[in-house]
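Okay, structure first, notes after.
Only heavy atoms go into these numbers, but all of them, side chains included; no hydrogens, no water, no symmetry mates. We name chains A, B, ... by the order of the sequence lines, and we start the count at 1 in each one.
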4 protein chains.
Amino acid sequence: MPKLQDVKKVVLAYSGGLDTSIIAKWLQTELGAEVVTFTADLGQGESDLEPARRKAQDMGIKEIFIRDVREEFVKDFVFPMFRANAQYEGVYLLGTSIARPLISKHLVEIARETGADAVAHGATGKGNDQVRFELSAYALNPDIKVIAPWRDWTFKSRTDLLNFARDHQIQIAKDKLGEAPFSVDANLLHSSSEGKVLEDPWVEAPEYVHQRSVSPMDAPDQVTEIVISFRKGDPVAIDGKEMSPATLLSALNDLGRDNGIGRLDLVENRFVGMKSRGVYETPGGTILLAAHRAIESITLDRGAAHLKDELMPRYAELIYNGFWFSPEREMLQALIDKSQEEVEGDVRLKLYKGNVIVTGRRSPKSLYSDALVTFEDDRGAYDQKDAEGFIRLNGLRLRTLAARKRKS
Amino acid sequence: MPKLQDVKKVVLAYSGGLDTSIIAKWLQTELGAEVVTFTADLGQGESDLEPARRKAQDMGIKEIFIRDVREEFVKDFVFPMFRANAQYEGVYLLGTSIARPLISKHLVEIARETGADAVAHGATGKGNDQVRFELSAYALNPDIKVIAPWRDWTFKSRTDLLNFARDHQIQIAKDKLGEAPFSVDANLLHSSSEGKVLEDPWVEAPEYVHQRSVSPMDAPDQVTEIVISFRKGDPVAIDGKEMSPATLLSALNDLGRDNGIGRLDLVENRFVGMKSRGVYETPGGTILLAAHRAIESITLDRGAAHLKDELMPRYAELIYNGFWFSPEREMLQALIDKSQEEVEGDVRLKLYKGNVIVTGRRSPKSLYSDALVTFEDDRGAYDQKDAEGFIRLNGLRLRTLAARKRKS
Amino acid sequence: MPKLQDVKKVVLAYSGGLDTSIIAKWLQTELGAEVVTFTADLGQGESDLEPARRKAQDMGIKEIFIRDVREEFVKDFVFPMFRANAQYEGVYLLGTSIARPLISKHLVEIARETGADAVAHGATGKGNDQVRFELSAYALNPDIKVIAPWRDWTFKSRTDLLNFARDHQIQIAKDKLGEAPFSVDANLLHSSSEGKVLEDPWVEAPEYVHQRSVSPMDAPDQVTEIVISFRKGDPVAIDGKEMSPATLLSALNDLGRDNGIGRLDLVENRFVGMKSRGVYETPGGTILLAAHRAIESITLDRGAAHLKDELMPRYAELIYNGFWFSPEREMLQALIDKSQEEVEGDVRLKLYKGNVIVTGRRSPKSLYSDALVTFEDDRGAYDQKDAEGFIRLNGLRLRTLAARKRKS
Amino acid sequence: MPKLQDVKKVVLAYSGGLDTSIIAKWLQTELGAEVVTFTADLGQGESDLEPARRKAQDMGIKEIFIRDVREEFVKDFVFPMFRANAQYEGVYLLGTSIARPLISKHLVEIARETGADAVAHGATGKGNDQVRFELSAYALNPDIKVIAPWRDWTFKSRTDLLNFARDHQIQIAKDKLGEAPFSVDANLLHSSSEGKVLEDPWVEAPEYVHQRSVSPMDAPDQVTEIVISFRKGDPVAIDGKEMSPATLLSALNDLGRDNGIGRLDLVENRFVGMKSRGVYETPGGTILLAAHRAIESITLDRGAAHLKDELMPRYAELIYNGFWFSPEREMLQALIDKSQEEVEGDVRLKLYKGNVIVTGRRSPKSLYSDALVTFEDDRGAYDQKDAEGFIRLNGLRLRTLAARKRKS
């Protein structure tokens, strides 16, 4: 890979915002590199990406890539991850983590298409995102140079940054003049808020940091009931209406947002070694997780389900740490996908003021057997005498241990 | 161990209810064995256990043991389990599973004290409880005979049972004359309901199966805020008021019950091989789990936390399957307890209509470092340049893989 | 499934030996069932299976199936297992375990072809093989009846058995008149010996229990050097000569046998709950394991290799316990097979008096990079400065812990 | 921690050899720091450490620490690790890895005693040892500065180094004038050789790289038989003679060396991301591992043994990666140590030309039961009928799956 000073052309993950505009200009002026921008519609909520194009043009950028990657994001990243019921540290649905490899994939592709020798991102040197961007890029192109201006430039303060922006005619929105009270990431799966007002983990997160959900306290007093249908472990329909992946997740987001679902206030362990506190909103994902577990509960065998559960924390950690494009994640995915072949059917849920309540599940592939489980006469499906031998042989080693203990 | 027909004296886990009364009589009449009863106050909600004593006396039983084991239950079984954040199949808090080894422990002790050669329980041949009772008994006394009348007797129907009861002057409460629409287990940690009206997993559980919580929809419109304090991973106080383990769990149960917290409708995989559907209520336990995870989030190191998370499903499975008194559970407990030494501090929670919302956590042992994580100047606590090397070495093997892929 | 007494036609795993001949006759006379025999050439060392046919014919059996399943055995069972480097309890290569599901598969297929409603095997009620036969059969046909005569019949002693044989004109070889000093199982992968003279685990196994290898002490004083070639994780050639799976394993067996390789004297934990002592000989498999690990060492990425290593004990346990045809084994196989796509190349080995010594490995897919690892000038492949950041961030949480410890 | 240029006093891990002498001088001259030396007798084979003292004195060093840490090394590091049967990547006994934390512990202690603000080591920037030294140091003193001169100095070549040595009157042994054909690390547990002549993994390691064992081909033609005795999982005696930990390991080393035991030629995955090839000799450790597994085979319950086996790769990886002083290693150690309480008894072994052959094991705590396992009449210890129920309930879920498969 080239050294920083030798980079000739760089593809920048460009939001159109102040920070990445400063980065674009810095790459042009300080490195003397030609800049290509990539702006993705990940469902972050800005449906109009044309301002990003205009701003890039204003900076003299000639190759501007704007792509709607929402369906790819949900189909190839979010849904595979939800097949695993992935939760980092028991609770976090990995909304930021799962978007980064997708962005890097496009950056690397565009670099190849445009003959760029580097890619650049706007993540800082303290967070996980730099790791995710860069590991993904390295895994897709071993020779790519990754530039992380937040680690490389010499600005000491926000004032320095703003001065640089002014010096280079970069437009500064009024609300960016002061310090933002927190920083935000958003995509179709979630929004996250970190920093500033959230830095003391004892202090309650203010209501205004929440981006995309009403508070449970403000949600309607009425229950909303829905049915989600699954095929091969992925949701395919809501209330019988088939939808594309991104459309379906959007619809779940709307349902979740309105019912105060999916908020999380978490102190988590970053891969780079410190603890941080974040507020996450994953309205649709929270519903999806509950529904997916419910459809698995009748279609997955115990052996399959327990193996998945045991490997899930590892799988989630890999995604959190940025190892989406690693052999071990792909191996785990092969294992998980193998388990999902018969995961199909319907789950009925009640949504109510922050609650996602499973009230029913059914499947043509159900392994639930009324005949086996009934307290009534089961007509020979299950011989209770079998239990005695089952228990006695399971207990044999424990009895042997007990005999040893007594002897000593 | 003696054969069934050779048993001379048997300690029965006796609730005072119809079923275990029939069992007592059956042991006396069919096996000709002397019966000793053990009735435990596990916090199942019947504070007065004297009726059990009278009924036992009426059957001519001479050795009657009634013990309040609530503190032992919470201190030695429930709290150690919660240190692990144990959830079976991702969601179930193991309220029934964790009580069984305690009962077996007392049965075996009483058998030793009274010279009995057998113990007996009232669990059926289809469920998990028989396994838990019996494995625990075998692990504590390798020569004990365990009698499970539901597997051994020849009654074919509930009518047969009731006839036997009538023939032996066992009192039958009016509401027991028909079939119960579902069966219930309860203790200080939880209530469970299974069977009959719950057998179709697509049909919503009726409100009346719930024993110990109001519905989220019926819970107050006001938020209840509490602070739970921990020491060595166990809760020790609510709102600054120190309490004994059982008292504390009772208080959490009251808070949970009133706020519609802790309901679960689940299709689970039994150890004996079939799926079953249960409705669980674990009001206090649900609050406790959220609080415990929150205090761990600032006091447990990442390495410790992730190792615990990876081993939790195994630990939960062991308890569910009845292996509390096994070397592997004890080994895992040693690992878990080792991690809890510094888990202390306060967690603030909002309880609201089924929601348990963590709003703050603090600890004298906190590993959260404002200095490290801040977006502001951290005065050298963290050198962002370090991240570059960190990422590059983490990515080295991925780049090597990518180079191979490109070559081929 | 039918009850024992209702079985009409049964497919028996038939070796042609005394025990399974007695079983065939017992099935005919005591159950009144029609018997179909299945005799497999698994490479157990009896190349001529015609005597089994004649004996079956002599008993009036009309449907006699004799199949050479050696290639199927090695290709579909042994090699997939070796991809995982499976070793039960750290050392045992699972030679008996892996053959049982194959036999059950054929039994169930033949039952379907011949309209039989049951299958039968000659494994005893104390061992693992009964479990493996039966779980495999159940997994392939949920309604099949499995008959295990050793558990069902009423013979009390070997004398009873021999009397039954004599009464029914079953030929008894002279050496079967007394008790065999140990029992043997054999197939192309291994031989095992158990029981009798081996029952005291302190007493050294006599040399004569070994079936298919010379003692290391008796092996040649000269080193034998070979090269094994792999593709997709499976061995395909020895010294450049491509061979079919069974031919290759046979060739390795010859090499191992002559060089005293692959003996194991083990006390293991049976699935049914007790410990047993066995002597195993796996000459070719022992060579194969060493070679497979060696080719993986240069073609598998660390993440892939470590994940495999962590899951191997579980995978081996599943096979040992008889769960070959289970979803969890298949999920793990999917994970393992995914890892093997690029596992190809050559491994050079020295075989010498019980030793398998890896002396070289090379691959067109090698991930080993001379440029990276060299102590010499690496021309920028690796920047030693990266290590500092790598270590500092890996150590950050440890320093935070150390700071806490010092404070208290 | 201080910046490099601000370091005032540094404790150096000093072998007395050329490289660490150059480092000492470089620390004095380039950093202007006062140097304290620590030289440890880890059993590396140089019984006389006085030359190291003299050389340090010659460089004007005033505080010179020379410690015999052999007993501490074996008792507190090696034996705990062997309780886990730890093998990295299936085969490597971690001989280098386990010594590093011990050295760091002493460096940090001496730094505290002498008021030094830094420690220094002679490991290069490409290897694992730098990680192990530094993570251990950070875990023991969060503010310590660790200096790794190989990463920091500006020497470009060996010639530069030798010139620096000459300029500063550092004695250069003749055999150090050229390039060493490989580099060596040694301690009481093992020797390792890496680099140069070993860099092509297809080329056989030359005999002369081996430091402490004869080749199997050159070992005696006679078998050596020994008995090793264990208490709480640790070896305590050979042939009935009790020995201290270091004495015992030394004795095993002698036995192993003479019998050609414990050589390993391995391509392994370094923590810093590349593959490297090493030749290891662990004569005593190889014997110890076999013996420990054998004593566990009769004294560890299956549940305990399998849990240990599943966690071993993780435990080994932690040690390899340098996380000895981490909470997760300590948690795993608590789990492992819990399992070893009853691991005691004798193991008889034959040592012969590279082979370690277990021929017997016995223990007052044995869980092996002749009565259970016998093919003969077991007088009711085991009821073969129990197996039927055991298998049927284990197979129930598989039959349910099979029924589903047939339906579709």
Side-chain angles (χ1 to χ4, degrees), chain C residues 89-90 125-126 130-131 134-135 138-142 151 195 199 201-204 216-217 265 267 269 272 274-276 293 297-298 302 305-306 309-310 313-314 317 326 352-355 358-362 367-370 372-375 382 384-385 387-388 391 394-395 398-399 402-403, chain D residues 89-90 125-126 130-131 134-135 138-142 151 195 199 201-204 216-217 265 267 269 272 274-276 293 297-298 302 305-306 309-310 313-314 317 326 352-355 358-362 367-370 372-375 382 384-385 387-388 391 394-395 398-399 402-403:
Chain C
E89 302 194 337
K126 282 194 171 177
Q130 56 177 341
V131 190
E134 297 176 31
L135 292 183
Y138 290 147
L140 296 171
N141 181 344
R151 297 198 308 252
E199 282 186 3
W202 180 245
V203 174
E204 183 171 356
M217 294 77 174
D265 176 338
V267 175
N269 293 291
V272 292
M274 82 274 279
K275 290 181 181 290
S276 73
R293 276 207 172 272
S297 77
I298 56 168
R302 183 184 70 205
H306 289 201
D309 277 351
E310 288 193 49
R314 174 73 65 94
E317 184 186 62
S326 71
Y352 173 71
K353 285 184 177 285
N355 295 274
V358 175
T359 63
R361 50 312 244 175
R362 67 179 172 194
L367 297 167
Y368 178 91
S369 163
D370 202 61
L372 280 176
V373 82
T374 185
F375 284 178
Y382 180 96
Q384 301 209 15
K385 295 280 180 202
E388 184 171 339
I391 298 169
N394 270 298
L398 302 179
R399 289 174 57 213
Chain D
E89 302 194 339
K126 282 195 171 177
Q130 57 178 339
V131 190
E134 297 175 32
L135 292 183
Y138 290 148
L140 296 171
N141 181 344
R151 296 197 309 252
E199 283 187 3
W202 180 246
V203 174
E204 184 170 355
M217 294 77 173
D265 176 338
V267 176
N269 293 291
V272 292
M274 83 276 279
K275 290 181 181 291
S276 72
R293 275 208 172 271
S297 76
I298 56 167
R302 183 184 69 205
H306 289 201
D309 277 351
E310 288 192 47
R314 173 73 66 94
E317 185 185 62
S326 70
Y352 173 72
K353 283 184 178 287
N355 295 274
V358 174
T359 63
R361 51 312 245 172
R362 68 180 172 193
L367 297 167
Y368 179 91
S369 163
D370 202 62
L372 280 176
V373 82
T374 184
F375 285 178
Y382 180 95
Q384 302 208 14
K385 296 280 180 204
E388 185 172 339
I391 298 170
N394 271 299
L398 302 179
R399 289 174 59 212

Strictly distance-based, threshold 3.5 Å: is any side-chain N or O of [X] a donor or acceptor partner for the main-chain N or O of [Y]?
X        : Y        : answer
C:Asn394 : D:Leu135 : no
D:Lys275 : C:Ser369 : no
D:Tyr352 : C:Lys353 : no
D:Arg361 : C:Pro201 : yes

Among [options], which has the most heavy-atom pairs under 4.5 Å with chain C?
options                                : value
D:Ser276, D:Gly395, D:Ser297           : D:Ser297
D:Ala139, D:Ala305, D:Gly125, D:Pro142 : D:Pro142
D:Ile298, D:Asp265, D:Val203, D:Leu367 : D:Asp265
D:His306, D:Glu134, D:Gln130           : D:His306

Practice problem: For D:Pro216 and C:Asn355, work out which heavy atoms get closest and say how close. | Solution: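 Closest approach of D:Pro216 to C:Asn355: CB-ND2, 4.1 Å.
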Practice problem: Return the minimal non-hydrogen interatomic distance between D:Gln384 and C:Arg151, and the atom names on each side. | Solution: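 Heavy-atom minimum between the residues: O-CD, 3.4 Å.
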Practice problem: Could you tell me which of C:Asp309, C:Val358, C:Asn141 has the largest number of non-hydrogen atom pairs under 4.5 Å with chain D? | Solution: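 Among C:Asp309, C:Val358, C:Asn141, the one with the most close pairs to chain D is C:Asp309.
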Quiz item: For chain D, which of C:Met274, C:Glu388, C:Arg302 has the most heavy-atom pairs under 4.5 Å?
Solution: C:Arg302
For [X], is it the side chain, the backbone, both, or neither that has a heavy atom closer than 4.5 Å to a heavy atom of chain C?
X        : result
D:Val272 : both
D:Glu317 : side chain
D:Lys385 : side chain
D:Arg362 : both

Quiz item: Given that the side chain runs from C-beta out, which part of C:Arg293 has a heavy atom under 4.5 Å from chain D: side chain, backbone, both or neither?
Solution: side chain
Quiz item: Heavy-atom distance under 4.5 Å to chain D: side chain of C:Tyr368, backbone, both or neither?
Solution: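 Both parts, backbone and side chain.
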Self-check item: Side-chain heavy-atom pair D:Tyr138, C:Ile391 within 4.5 angstrom cut-off
Solution: yes
